[in-house]
Amino acid sequence: IHIGHHGFGGLKASGKLTFRGCSGNSGGAIKVTAGGAEFSNGTFLFEDCIADTGGGGAVSVSAGHFIHSSGSSTFNRCRALTSAGGAVQVEGAQSLFKMHGGSMRFS
């Protein structure tokens, strides 16, 4: 999922959400270049997600935000092949990561 259009609020997810075997240049499952992604009140699984040439095997934020406010997120075997952030990469002055509650597990 590429979240990058100005004026688009982004992705708000709750419940059960699974990303399995996703790949992309950066952000194998979710790439945020404007707006953002917010996860709350659910169970979120990222499994075997790969970033081919950039960072963030599962999630990459280069401008915008990634907010985890409750629930649980699990990142299994996510990797960036040529850059940083095997599971999550947040870079740039316009980027933000916030965790207000819940849990994250990396394996």
Side-chain angles (χ1 to χ4, degrees):
I1 298 173
H2 181 194
I3 302 164
H5 298 287
H6 295 284
F8 174 66
L11 170 69
K12 291 188 177 189
S14 61
K16 183 176 180 179
L17 186 62
T18 299
F19 294 92
R20 184 172 287 125
C22 299
S23 65
N25 290 335
S26 63
I30 299 173
K31 179 179 181 174
V32 179
T33 57
E38 181 175 347
F39 290 2
S40 62
N41 300 319
T43 303
F44 311 101
L45 173 64
F46 296 85
E47 192 168 77
D48 299 314
C49 295
I50 298 171
D52 296 325
T53 59
V59 178
S60 173
V61 181
S62 59
H65 62 268
F66 178 55
I67 298 172
H68 189 282
S69 57
S70 62
S72 65
S73 291
T74 301
F75 300 85
N76 290 331
R77 298 177 305 277
C78 296
R79 56 199 167 117
L81 299 181
T82 62
S83 190
V88 177
Q89 180 187 37
V90 179
E91 66 176 346
Q94 301 299 316
S95 300
L96 174 69
F97 171 80
K98 282 188 180 180
M99 186 168 177
H100 295 290
S103 65
M104 287 188 168
R105 183 175 152 252
F106 303 87
S107 64

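The shown structure was predicted, so the numbers you read here are calculated from the model rather than taken from an experiment.
Note that OG1 of T33 and CD of Q94 are 12.5 Å apart. Values are rounded to the nearest 0.5 Å. Of the inter-residue distances, the one linking T74 atom OG1 with F46 atom CZ reads 10.0 Å to the nearest 0.5 angstrom.
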Could you tabulate the donor-acceptor pairs under 3.5 Å formed by side-chain atoms of residues 23-30, not counting sequence neighbours?
none

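Contact between S95 and A63 at its shortest, heavy atoms only, is OG-N, 3.3 Å. Nearest heavy atoms, V90 versus L96: CG1-N, 4.1 Å.
Partners of S83 under the side chain to side chain contact (heavy atoms under 4.5 Å, CB included) rule, at least two apart in sequence or in another chain, are Q89. Taking S72 as the reference, T43, S103 meet the side chain to side chain contact (heavy atoms under 4.5 Å, CB included) condition, with sequence neighbours excluded. Residues that satisfy the side chain to side chain donor-acceptor pair (under 3.5 Å) test with S69, not counting sequence neighbours, are absent from this structure. Partners of A51 by side chain to side chain contact (heavy atoms under 4.5 Å, CB included), not counting sequence neighbours, listed by chain and number: A80. When the ring-ring contact (aromatic ring centres under 6.0 Å, His included) test is applied to F44, the partners found at least two apart in sequence or on another chain are F39.
Hydrophobic clustering (ILVMFWY, side-chain heavy atoms < 4.5 Å, transitive): V88 and I67 are in distinct clusters. By the rule that hydrophobic residues join a cluster once side-chain heavy atoms approach within less than 4.5 Å of another member, L11 and V59 end up as members of one cluster.
Each salt bridge (Lys or Arg N to Asp or Glu O under 4.0 Å) pair with one or both residues in residues 48-74, not counting sequence neighbours, appears once here: D48-R77. For residues 58-68, every residue pair satisfying the side chain to side chain donor-acceptor pair (under 3.5 Å) rule, not counting sequence neighbours, is listed here: H68-S73. Residues in residues 12-28 take part in these salt bridge (Lys or Arg N to Asp or Glu O under 4.0 Å) pairs, two or more places apart or across chains: R20-E47. Within the structure, salt bridge (Lys or Arg N to Asp or Glu O under 4.0 Å) pairs that include any residue of residues 21-36 do not occur (at least two apart or interchain). Among pairs with a residue in residues 79-104, those fulfilling ring pair (Phe, Tyr, Trp, His ring centres under 6.0 Å) read F66-F97, at least two apart in sequence or across chains.
Summarising the hydrophobic clusters (Ile, Leu, Val, Met, Phe, Trp, Tyr; side-chain heavy atoms under 4.5 Å, direct or chained), the residues clustered with I50 are L81.
A donor-acceptor contact shorter than 3.5 Å is absent between the side chain of S40 and the backbone of S70.
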